[in-house]
Enquirer: 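Input: one structure, supplied below.
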Amino acid sequence: MAEFATKTGLIKDIPVDDMVARATMRCPELDNDIVRNALTLFPLFSVQIVKLGEKGAAVVGPSQEDQTKPEICHIPALNPRLIVNCNGAGDSLVGAILAMLNKQSTLFSNEGNLNITANSIGAMVRRAQRASIASLESHRAISEKLRPELIE
């Protein structure tokens with residue numbers, strides 16, 4: 001069991017080992033250490049995206065049922081037709097996620113709390129992967145094919 005400090009107080013008795021076991025059983029692509037580290041960082045960084053290369057990405061964020069508890073989602077990788085250049089793929093992914101977050105009119109609640117869940121971030125990561133693939137398939141670090149329509 002672990003005790004995490006958060007800005008709203010303490011979350012007591014989160015069974016970290018159980019959460020790690022459940023997450024890695026559901027998604028064998030997730031490494032125990034990655035999951036454990038993400039859960040440990042959750043009180044400090046309530047939204048985390050961990051790139052897993054050819055295995056996709058892991059998203060850690062607030063649970064839909066209880067925003068004080070973490071939820072972990074695995075986002076499978078999209079496979080590029082041909083990898084031409086790895087430069088800029090991560091930048092394209094992050095840029096696309098930030099562009100989508102910027103368009104969220106309800107990103108924060110009236111009280112100033114983050115109004116987003118692991119599943120909603122996961123959906124953004126799925127769309128942002130298309131921007132990353134465009135850069136992987138381009139001779140340029142940032143693909144000339146990047147357009148807003150690519151992530152909508």
Side-chain angles (χ1 to χ4, degrees), residues 4 6-8 11 14 16 19-20 22-152:
F4 293 128
T6 68
K7 67 179 182 179
T8 57
I11 302 172
I14 293 181
V16 175
M19 290 184 79
V20 169
R22 273 183 286 170
T24 55
M25 189 181 304
R26 260 191 354 253
C27 303
E29 298 84 357
L30 298 177
D31 178 79
N32 284 350
D33 290 335
I34 289 173
V35 173
R36 184 176 310 286
N37 290 341
L39 291 172
T40 301
L41 290 171
F42 179 75
L44 299 171
F45 306 102
S46 61
V47 174
Q48 302 166 54
I49 300 166
V50 182
K51 298 185 307 178
L52 303 172
E54 62 194 25
K55 293 181 181 179
V59 174
V60 179
S63 166
Q64 185 121 9
E65 293 78 35
D66 181 351
Q67 294 243 324
T68 65
K69 293 189 178 175
E71 185 174 336
I72 301 169
C73 303
H74 175 249
I75 313 303
L78 295 178
N79 294 317
R81 289 180 293 252
L82 176 67
I83 296 175
V84 177
N85 179 8
C86 292
N87 292 330
D91 296 329
S92 297
L93 180 84
V94 171
I97 292 167
L98 291 173
M100 286 182 269
L101 285 171
N102 187 49
K103 288 186 176 186
Q104 294 280 322
S105 60
T106 59
L107 187 58
F108 292 96
S109 69
N110 291 338
E111 297 80 35
N113 296 323
L114 190 61
N115 195 18
I116 202 156
T117 65
N119 285 332
S120 57
I121 288 287
M124 289 180 194
V125 170
R126 283 183 195 92
R127 293 195 319 261
Q129 285 176 327
R130 293 184 288 214
S132 183
I133 295 258
S135 289
L136 286 170
E137 293 175 345
S138 173
H139 288 283
R140 296 175 163 211
I142 304 299
S143 173
E144 57 281 350
K145 293 180 183 176
L146 289 184
R147 303 275 182 269
E149 309 81 58
L150 189 64
I151 58 173
E152 293 175 348

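Note that these values count all heavy atoms, side chains included, but never hydrogens, waters or copies made by symmetry.
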Enquirer: Minimum heavy-atom separation for Pro80 and Ile133, please, with both atom names.
Expert: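 Nearest heavy atoms, Pro80 then Ile133: N-CD1, 3.5 Å.
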
Enquirer: State plainly whether the residues Glu152 and Arg130 are in salt-bridge range, i.e. N to O under 4.0 Å.
Expert: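 Salt bridge flag = no for Arg130 with Glu152.
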
Enquirer: Is any side-chain heavy atom of Leu150 closer than 4.5 Å to one of Lys145?
Expert: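 A side-chain contact is absent here, since even the closest heavy-atom pair is not under 4.5 Å.
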
Enquirer: Is the side chain of Asn85 donor-acceptor paired with the backbone N or O of His139 at a distance under 3.5 Å, no angle test?
Expert: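 Yes.
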
Enquirer: With rounding to the nearest 0.5 Å, note down the distance linking SG in Cys73 to CD1 in Ile49.
Expert: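 Those atoms lie 11.0 Å apart.
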
Enquirer: Between His74 and Leu52, is a side-chain contact (heavy atoms from CB on, under 4.5 Å) present by the stated rule, with each step listed?
Expert: CA-CA 10 Å; His74 175 249; Leu52 303 172; 4.0 Å; yes

Enquirer: Can you measure from CD (Glu54) to CD1 (Ile83) and round to the nearest 0.5 angstrom?
Expert: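 So the CD of Glu54 and the CD1 of Ile83 are separated by 8.5 Å.
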
Enquirer: Are Pro62 and Thr68 side-chain neighbours, meaning at least one heavy-atom pair lies under 4.5 Å?
Expert: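 With C-beta onward as the side chain, the pair stays apart.
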
Enquirer: So does Ala38 get a backbone contact from the side chain of Gln48, meaning a donor-acceptor N/O pair under 3.5 Å?
Expert: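 Yes; judged by distance alone, with no hydrogens or angles, the pair exists.
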
Enquirer: Is the closest side-chain heavy-atom distance between Ile142 and Ser92 below 4.5 Å?
Expert: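 They are in contact (side-chain heavy atoms under 4.5 Å apart), so the answer is yes.
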
Enquirer: Does the side chain of Ile121 reach to within under 4.5 Å of the side chain of Leu101, using non-hydrogen atoms?
Expert: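 Answer yes - side chains close enough.
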
Enquirer: Please find the pair of heavy atoms, one from Ala89 and one from Ser132, that lie closest to each other, and give the distance.
Expert: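 The answer is O-OG, 3.1 Å.
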
Enquirer: Identify the heavy atoms of Glu144 and Arg147 that sit nearest to each other, and give their distance.
Expert: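 Minimum heavy-atom separation between Glu144 and Arg147: O-NH1, 3.1 Å.
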
Enquirer: Taking the side chain from Ser46 and the backbone from Phe42, do they hold a donor-acceptor pair closer than 3.5 Å?
Expert: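 Looks like no, no N/O pair under 3.5 Å.
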
Enquirer: Can you name the closest pair of heavy atoms from Gln129 and Ala77 and give their distance?
Expert: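 Minimum heavy-atom separation between Gln129 and Ala77: NE2-CA, 3.9 Å.
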
Enquirer: Quiz question: by atom type and distance under 3.5 Å, do the side chains of Thr117 and Ser120 form a donor-acceptor pair?
Expert: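 Yes, because at least one side-chain N or O of Thr117 sits under 3.5 Å from a partner of the opposite role on Ser120.
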
Enquirer: Please give me the minimum heavy-atom distance between Met124 and Ile116, naming the atom from each residue.
Expert: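 In terms of heavy atoms, the two residues are closest at CE-CD1, 4.0 Å.
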
Enquirer: Does the Asn37 side chain pair with the main chain of Asp33, one donor and one acceptor, at a distance under 3.5 Å?
Expert: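 Here the side-chain-to-backbone pair exists.
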
Enquirer: Taking atom CG of Leu98 and atom CG of Asp91, what is their separation to the nearest 0.5 Å?
Expert: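 CG of Asp91 is found 10.5 Å from CG of Leu98.
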
Enquirer: Does the side chain of Met19 reach to within under 4.5 Å of the side chain of Leu39, using non-hydrogen atoms?
Expert: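 They are in contact (side-chain heavy atoms under 4.5 Å apart), so the answer is yes.
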
Enquirer: Do you know which two heavy atoms are closest between Ala23 and Leu30, and how far apart they sit?
Expert: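 Scanning both residues, the minimum pair turns out to be O-CD1, 4.0 Å.
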
Enquirer: Counting distance only, does the side-chain N/O of Thr40 pair as donor-acceptor with the main-chain N or O of Arg36 below 3.5 Å?
Expert: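 It does hold such a pair.
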
Enquirer: Is there a side-chain contact between Val47 and Val60 in this structure, where contact means two heavy atoms from C-beta onward sitting under 4.5 Å apart?
Expert: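 No; the side chains remain at least 4.5 Å from each other.
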
Enquirer: Between Ser63 (side chain) and Pro70 (backbone), is there a donor-acceptor pair under 3.5 Å?
Expert: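 Side chain of Ser63 to backbone of Pro70: no pair is present.
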
Enquirer: Side-chain contact test, heavy atoms from C-beta onward, threshold under 4.5 Å: evaluate it for Val125 versus Ile97 and give yes or no.
Expert: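 Result yes, sub-4.5 Å side-chain heavy-atom pair found.
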
Enquirer: Looking at Gln64, is its backbone amide N or carbonyl O close enough to the side chain of Gln67 to form a donor-acceptor pair, meaning the two atoms are under 3.5 Å apart?
Expert: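 Not at all, since once roles are kept as given, no pair shorter than 3.5 Å links the two residues.
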
Enquirer: Say you draw a straight line from CD1 of Ile151 to CG of Leu146; how long is it, rounded to the nearest 0.5 Å?
Expert: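 Result: 8.5 Å between the selected atoms.
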
Enquirer: Within the 4.5 Å heavy-atom criterion, are Ile72 and Val59 side-chain neighbours or not?
Expert: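 Heavy-atom side-chain distance check fails, nothing below 4.5 Å.
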
